[in-house]
Amino acid sequence: MSDENLKSNFIYDIIKEDLASGKHQSIVTRFPPEPNGYLHIGHAKAICTDFGAAIDFGGTCNLRMDDTNPSKEDTEFVDSIQEDIKWLGFNWEDRLYYASDYYEKIYEAAVELIKKDLAFVCDLTPEQMREFRGDLQNPGKDSPFKTRSIEENLDLFARMRAGEFEDGSKVLRAKIDVTSPNINMRDPVLYRILKIHHHRTGDEWCIYPMYDFAHPLEDAFEKVTHSLCSLEFEDHRPLYNWFIENVTLPAKPRQIEFARLNLTYTVMSKRKLRKLVEENFVNGWDDPRMPTLCGMRRRGYPATAIRAFIDQIGLAKRDSIVDFALLEHFVRTELNASSLRFMGVFDPIKVVIENYPENHVEMMTGINNPENENDGTRQIPFSRELYIERSDFMEDAPKKFFRLTVGSEVRLRYAYFITCTSVIKNEAGEIVELRCTYDPATKGGDSPDGRKVKGTIHWVSANHAIDCTVNQYDQLFTKENPEESGEDFIANINPDSLTVITNVKAEPAVAELAGTKPFQFERTGYFVKDSGSEGLVFNRTATLKDSWAKEVKKS
RNA sequence: AGGGGCAUAGUUCAGCUGGUAGAACACCAGAUUCUGGUUCUGGGUGUCAUGGGUUCGAAUCCUGUUGCCCCUGCCA
């Protein structure tokens with residue numbers, strides 16, 4: 001990519017500079033997820049940033065499972081993570097790495113620090129360590145074990161590895177500065193004892209390195225040049241650099257932090273997402289209302305839309321909340337270009353065309369996708385009895401209502417002009433049927449006399465309609481920021497985030513074509529077949545923009 | 001209170017070495033349209049957090065202030 005077309009952000013500025021100055025000939029980045037949960041749209045920002053920078057500058061990006069805490073991790077997640085990244089369209093080729101593959105080297109690094117008198121084995125309990133650490137106002141105090149000899153530390157650390165001590169009884173700590181105003185520098189823990197089975201190394205290890213120690217080493221082993229992470233690690237950077245300086249390493253990576261993605265009407269933290277799943281506020285991690293990548297995939301969001309979205313939001317250091325409408329914009333843009341079109345009636349009223357012959361059926365030709373001729377056409381059966389959308393008829397219609405009212409003429413898409421002559425109601429006063437007449441000369445939807453109609457509405461033939469089920473998804477939360485001013489986000493869950501409609505009346509073509517790719521129910525929205533259901537079950541990906549709804553809201 | 005960060009349209013971001021601000025989305029108005037969709041045209045809605053300073057000239061440089069975020073796991 002040429003420089004002019006490159007997006008402008010502070011990280012790209014740094015990379016350009018490093019390349020121009022000759023500090024690096026080419027760049028290496030990495031995406032380092034911990035395999036302890038499902039990826040969400042926030043991770044997509046990191047993925048697009050890490051892989052994207054490598055692509056834009058002709059470098060490489062590694063995928064690295066940061067599996068240093070066996071108590072939380074599982075192979076289930078290493079599989080789903082790879083699936084999601086592939087789906088987004090990124091390729092790590094043969095560069096799939098695991099922190100656990102470096103355990104021996106990380107151990108050696110710890111030994112090197114001990115030998116340099118820069119690390120020691122500490123017997124303080126977690127509670128004691130907290131006391132000794134001090135707090136934001138007060139400096140910490142040295143551990144009484146900090147004075148152990150190098151030989152004793154070497155011996156003790158080897159025995160920690162050998163499994164001689166119980167979980168929590170000892171840790172290895174760096175000797176830095178317990179009085180540092182940066183709490184991360186107050187002799188941080190390097191290794192802890194965890195007699196837990198690891199999903200890859202099994203029972204080979206009972207001591208595991210902490211993130212702060214392992215991460216800079218992993219980056220250096222892989223000769224990562226730019227290690228991109230989120231803002232909360234800014235305070236850890238001095239520690240990151242301390243390890244890079246004090247351990248003998250093949251490279252000196254640079255950590256750069258950027259702001260995470262936040263989106264309106266959703267939550268992004270793992271803890272909160274887990275709560276939604278575990279307490280059944282949603283139906284699993286891939287529930288289409290979830291901001292997880294698997295959820296969005298099931299919802300029908302195209303990967304290309306997510307990438308375009310991430311591209312648009314930019315990269316910076318300030319905390320922000322991106323408008324969900326921007327994501328939807330890219331989803332609609334993508335889907336408008338690629339979706340098949342069908343007609344489906346969600347809330348039917350029966351229409352009888354009084355002057356149309358009984359038992360007669362005509363086939364009308366519909367265009368499958370006006371944005372792409374190659375998608376061809378289909379045949380749609382038309383007959384005397386039809387269904388139209390309840391909202392497409394009004395008895396006392398305002399002037400701007402361009403749909404069906406008594407005495408007005410509208411076009412039935414791809415069929416005829418019809419005029420409503422009367423309304424039939426039940427005892428409760430509800431409309432149960434509309435009687436209409438059609439103009440035979442308008443077949444196909446055009447009038448030979450050049451007469452115009454203000455509205456075009458969709459329809460299905462009552463006898464030919466097939467029933468399908470539609471999951472109508474809406475925002476999971478009622479507030480842009482569900483945890484505004486410390487509110488419990490659970491209290492702001494939208495009770496109407498899912499509406500299931502079991503008897504949507506659809507044209508027959510839906511049965512054969514709608515399962516193959518995303519489609520649009522014309523005038524309604526975009527849909528995909530639900531991957532978790534049998535039969536004709538569709539998830540609403542997004543509604544179409546609706547300027548009439550806006551008009552109604554105004555008055 | 002200590003440390004680390006961040007403040008530019010409603011929102012997310014551009015704005016390089018100083019020349020009174022732009023994009024996308026959102027929003028408003030109109031045109032086109034056999035989807036009230038799409039497309040097209042027009043509209044900037046801003047004390048560049050704030051006070052002071054340097055300068056002919058400051059969103060850009062210096063400085064004071066305020067606001068917001070993060071940090072006291074043997075999590076990452």
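Every heavy atom of this structure was used, including side-chain atoms; hydrogens, water molecules and symmetry mates were not.
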For this session: Would you mind building the protein contact string for nucleotides 35-47 of chain B? One character per nucleotide, 5' to 3', B for base within reach (heavy atoms under 4.0 Å), S for sugar-phosphate only, - for untouched.
Result: BBBS---------
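The distance from atom OH of A:Y12 to atom C1' of B:C16 is 18 Å, rounded to the nearest whole Å. For the pair A:F120 CZ and B:C74 P, the computed distance is 12 Å after rounding to whole Å. Distance CG (A:L263) to C1' (B:C25): 13 Å, rounded to an integer number of Å. Nucleotide B:C27 holds its P atom 12 Å from the CG atom of A:L326, rounded to whole Å.
Using a cut-off of 4.0 Å between Lys/Arg side-chain N and Asp/Glu carboxylate O, A:D56 and A:K7 are scored as salt-bridged. The pair A:R451-A:D439 meets the salt-bridge criterion, with a side-chain N (NZ, NE, NH1 or NH2) lying under 4.0 Å from an Asp/Glu carboxylate O. With salt bridges taken as basic N to acidic carboxylate O contacts below 4.0 Å, none links A:D219 and A:R254. The existence of a salt bridge linking A:R30 and A:E222 is excluded, since no basic side-chain nitrogen approaches an acidic carboxylate oxygen closer than 4.0 Å. By the 4.0 Å N-to-carboxylate-O rule, A:E409 lies too far from A:K454 to be salt-bridged with it. The pair A:K141-A:E131 does not meet the salt-bridge criterion, since no charged nitrogen lies less than 4.0 angstrom from a carboxylate oxygen. Under 4.0 Å is where a charged nitrogen must lie from a carboxylate oxygen, and between A:D392 and A:R523 at least one such pair does. Between A:D123 and A:R148, at least one side-chain N (NZ, or NE/NH1/NH2) sits under 4.0 Å from a carboxylate O, which counts as a salt bridge. Comment: A:K400 engages A:E551 in a salt bridge, judged by a side-chain N to carboxylate O separation of less than 4.0 angstrom. Classification of A:E389 and A:R403 as a salt-bridged pair fails, no side-chain N sitting under 4.0 Å from a carboxylate O. A salt bridge does not link A:K175 to A:D187: none of the charged nitrogens lies less than 4.0 Å from a carboxylate oxygen.
As rounded to the nearest Å, B:A21 and B:U41 have P atoms that lie 24 Å from one another. If you take atom C1' in B:A26 and the same atom in B:A9, they sit 11 Å apart, rounded to whole Å. Across B:A59 and B:C13, the matching C1' atoms stand 15 Å from one another, rounded to whole Å. Of the C1' atoms belonging to B:G18 and B:G5, the separation is 26 Å, rounded to the nearest Å. Taking the P atom of each, B:C27 and B:G37 are spaced 12 Å apart, rounded to whole Å. Across B:G15 and B:U8, the matching P atoms stand 14 Å from one another, rounded to whole Å. Straight-line distance between the P atoms of B:C6 and B:U17: roughly 16 Å, to the nearest whole Å. Here, B:U39 and B:A76 have their P atoms 47 Å apart, quoted to the whole Å.
Residue contacts shown for A:I367 are absent, as no nucleic acid heavy atom lies under 4.0 Å away. Here A:L315 lies in heavy-atom contact (under 4.0 Å) with sugar-phosphate atoms only. Residue-level contact check: A:L327 touches neither bases nor backbone, having no heavy atom under 4.0 Å from any strand. A:T264 comes within contact range of no nucleotide atom at all, as no heavy-atom separation falls under 4.0 Å. Within 4.0 Å (heavy atoms only), A:Y414 reaches at least one base atom of the nucleic acid. Across all strands, A:D446 comes closer than 4.0 Å to base atoms (heavy-atom distances).
For A:A316, counting side-chain heavy atoms from C-beta on, the closest listed nucleotide (B:G5, B:C25, B:A14) is B:A14. Closest to the side chain of A:K550, out of B:A24, B:A76, B:C28, is B:C28. The side chain of A:Y211 sits closest to B:A76 out of B:A76, B:C25, B:A24. The side chain of A:R318 lies closest to B:A14 when the candidates are B:C74, B:A76, B:A14. Comparing atom distances between the A:V322 side chain and each of B:U12, B:C27, B:C6 picks out B:U12 as nearest.
Residues A:T264 and A:N481 fail the side-chain proximity criterion, which asks for heavy atoms closer than 4.5 Å.
One N or O donor and one acceptor, one from the side chain of A:Q137 and one from the base of B:A1, sit under 3.5 Å apart.
With hydrogens and angles disregarded, a donor-acceptor distance shorter than 3.5 Å links the side chain of A:R378 to the backbone of A:R341.
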Contact list (N/O, under 3.5 angstrom) for nucleotides 68-73 of chain B vs protein:
unit_1: B:C69; atom_1: O2'; unit_2: A:D319; atom_2: OD2; d: 3.1
unit_1: B:C71; atom_1: O4'; unit_2: A:D235; atom_2: OD2; d: 3.4
unit_1: B:U72; atom_1: O2'; unit_2: A:R133; atom_2: NE; d: 3.2
unit_1: B:G73; atom_1: OP2; unit_2: A:R133; atom_2: NH2; d: 2.8

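Base-pairing analysis of RNA chain B finds the following stems of at least three consecutive Watson-Crick or G-U pairs, with both pairing distances under 3.5 Å: B:2-7 with B:66-71, B:10-13 with B:22-25, B:27-31 with B:39-43, B:49-53 with B:61-65.
By the 30° and 60° cut-offs, the orientation of the rings of A:Y208 relative to A:Y103 is perpendicular.
Contact between the side-chain N/O atoms of A:S320 and the OP1/OP2 oxygens of B:U11 is not found at any separation under 4.0 Å.
Base orientation for B:G5: anti, the chi torsion being more than 90° from 0.
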